[in-house]
K.L.:
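I'd like to ask you about the structure that follows.
By convention here, the first residue in the shown sequence is residue 1. Predicted model, so just to flag it, every value in this text is computed and none were measured.
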Amino acid sequence: IEVHTGTYTEQLIITDKALTITDAGDGEVIIEADTAQTGAGNTFTINAPGKDITLSNLTIRHGDYGIHSTAGNVNVLHCTLYHNGWDGTGLPDPNSASQEDFATFFSTYATNGGAIRIENSNASEIAFCTIYENDRGIRYQDGANGNIHDNVSHHNIEAGIYLAASTYTGATGCVDTDVNNNQSYANMNNGILSIGGKNNTIRNNIVRDNWNSGVMLWHVAENTVQGNTIKRNNRFTFTAVGDSGDAKGGVWVIGDNSASPSAFVCRILSNTIADNQLGRSAQREGVRVGNTIPSDGIQIEGNTFTNHDMD
């Protein structure tokens, strides 16, 4: 389907078919769930098991989620997503407001949605997208063979890029997924968050100025964090949701419910890690490895650290 220039107020549902929706090349195409961000419904709701769905060159806004897929191999290319799950208003000043003020903010202004949520995909590409002022940024959950690259995700309430798991048992999460060459900055949780899963790679990203840890690894197996620039994260002790933040170290690794068997827990290689702040730590830390994770197969090598109390 080629869509001509215009603003279309639609809540679109795609089921059980392969489909590509793209602009016709004659100007901007805006697809919105409502004329303002109300959280009344998703802009795109997808449930197409085993089918290939591609959305490209679209501006998507004003949904609870801009795109929420529970099944299907969903690709999102050259899209702009903003004001999904949040319209960018009401944010207190984190330098003076309390954590409780942010809990009130979140319950008042956000819908617990976000820009992109793709679940149970066998292969998805999310690339060349601009994502800002949403609740969540990019969430790829329980998916395989994901390629999340060359996106800019910034000023979202939750993590900028999120490899999610439906449980914390080690049996779920993303596998064989590559997060590369993205910019994730000024998000109000982590820059890049990975939970569960196995054999995922986070490489060559710029992760900066996020409220909590730049790269957060929970219960991971065979995760590689390589060649990233991770700087000035852990700006605050809390999230914009009003929770205590995952904010210890520019990179923080924790959790013992990892997929088994695995050859190693994580490798943190050849990153530039600089100027990360206190967050909830007593000192400024480059990398923190928690004492509850499996003790074998942790490699931290070749990184360049600058301006921490403890690298």
K.L.:
Looking at H62 and N84, what are the two nearest heavy atoms and their distance?
P.N.:
N-OD1, 3.2 Å
K.L.:
Take S166 and D142 through the side-chain hydrogen bond (donor to acceptor under 3.5 Å, both in side chains) test and state the conclusion after the steps.
P.N.:
CA-CA 7 Å; S166 53; D142 296 337; 2.7 Å; yes
K.L.:
Looking at residues at least two apart in the chain, or sitting in another chain, which of them share a salt bridge (Lys or Arg N to Asp or Glu O under 4.0 Å) with R267?
P.N.:
none
K.L.:
With rounding to the nearest 0.5 angstrom, report the CG to CG distance, D150 to N181.
P.N.:
5.0 Å
K.L.:
With sequence neighbours left out, write down each residue that passes salt bridge (Lys or Arg N to Asp or Glu O under 4.0 Å) with R203, or none if nothing qualifies.
P.N.:
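Partners of R203 by the salt bridge (Lys or Arg N to Asp or Glu O under 4.0 Å) criterion, ordered by chain and then number, come out as D178.
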K.L.:
Given a cutoff of under 4.5 Å between side-chain heavy atoms of I, L, V, M, F, W and Y, with clusters grown through shared members, what are the other residues clustered with Y65?
P.N.:
none
K.L.:
Could you walk me through whether S281 and N234 pass the side-chain hydrogen bond (donor to acceptor under 3.5 Å, both in side chains) check?
P.N.:
CA-CA 9 Å; S281 297; N234 284 337; 5.7 Å; no
K.L.:
With a 4.0 Å cut-off, would you call D209 and R232 a salt bridge?
P.N.:
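Yes.
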K.L.:
Within a strict 4.5 Å, meaning less than it, do heavy atoms of the Q299 and L269 side chains meet?
P.N.:
yes
K.L.:
Give a yes or no answer on whether the side chain of N190 reaches the backbone of G214 with a donor-acceptor pair at less than 3.5 Å.
P.N.:
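No; zero donor-acceptor contacts below 3.5 Å.
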K.L.:
Apply salt bridge (Lys or Arg N to Asp or Glu O under 4.0 Å) to E125 and list each qualifying residue two or more places apart in sequence or on a separate chain.
P.N.:
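Listed in chain order: nothing, the list is empty.
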K.L.:
Could you tell me which residues satisfy side-chain contact (heavy atoms from CB on, under 4.5 Å) with A144, sequence neighbours excluded, listed by chain and number?
P.N.:
V175
K.L.:
Can you list the steps and then say if N147 with N180 is a side-chain hydrogen bond (donor to acceptor under 3.5 Å, both in side chains)?
P.N.:
CA-CA 8 Å; N147 188 6; N180 67 89; 3.1 Å; yes
K.L.:
Are side-chain N/O atoms of T59 and E28 paired as donor and acceptor at under 3.5 Å?
P.N.:
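A donor-acceptor contact under 3.5 Å links the two side chains.
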K.L.:
Out of W218, W252, W211, which one pairs with D246 under the side chain to side chain donor-acceptor pair (under 3.5 Å) rule?
P.N.:
W218
K.L.:
Kindly assign one of parallel, tilted or perpendicular to the pair H149 and F128, based on the angle between their ring planes and the thresholds 30° and 60°.
P.N.:
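H149 and F128: perpendicular rings.
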K.L.:
Is it true that T172 and T167 share a donor-acceptor pair across their side chains at a distance under 3.5 Å?
P.N.:
yes
K.L.:
Go through the structure and list residues passing salt bridge (Lys or Arg N to Asp or Glu O under 4.0 Å) with R284, not counting sequence neighbours.
P.N.:
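Only D309 meet the salt bridge (Lys or Arg N to Asp or Glu O under 4.0 Å) criterion with R284.
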K.L.:
Tell me whether K198 at atom NZ has more than 12 heavy atoms from other residues, nucleotides or ligands lying less than 6.0 Å away.
P.N.:
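Yes.
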K.L.:
Give me the atom names and distance for the closest heavy-atom approach of N271 to V225.
P.N.:
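Looking at all heavy atoms of both residues, the closest pair is ND2-O, 3.0 Å.
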K.L.:
I would like to know whether Q141 and R117 meet side-chain hydrogen bond (donor to acceptor under 3.5 Å, both in side chains); could you show each step before the answer?
P.N.:
CA-CA 7 Å; Q141 178 174 319; R117 180 170 181 160; 3.3 Å; yes
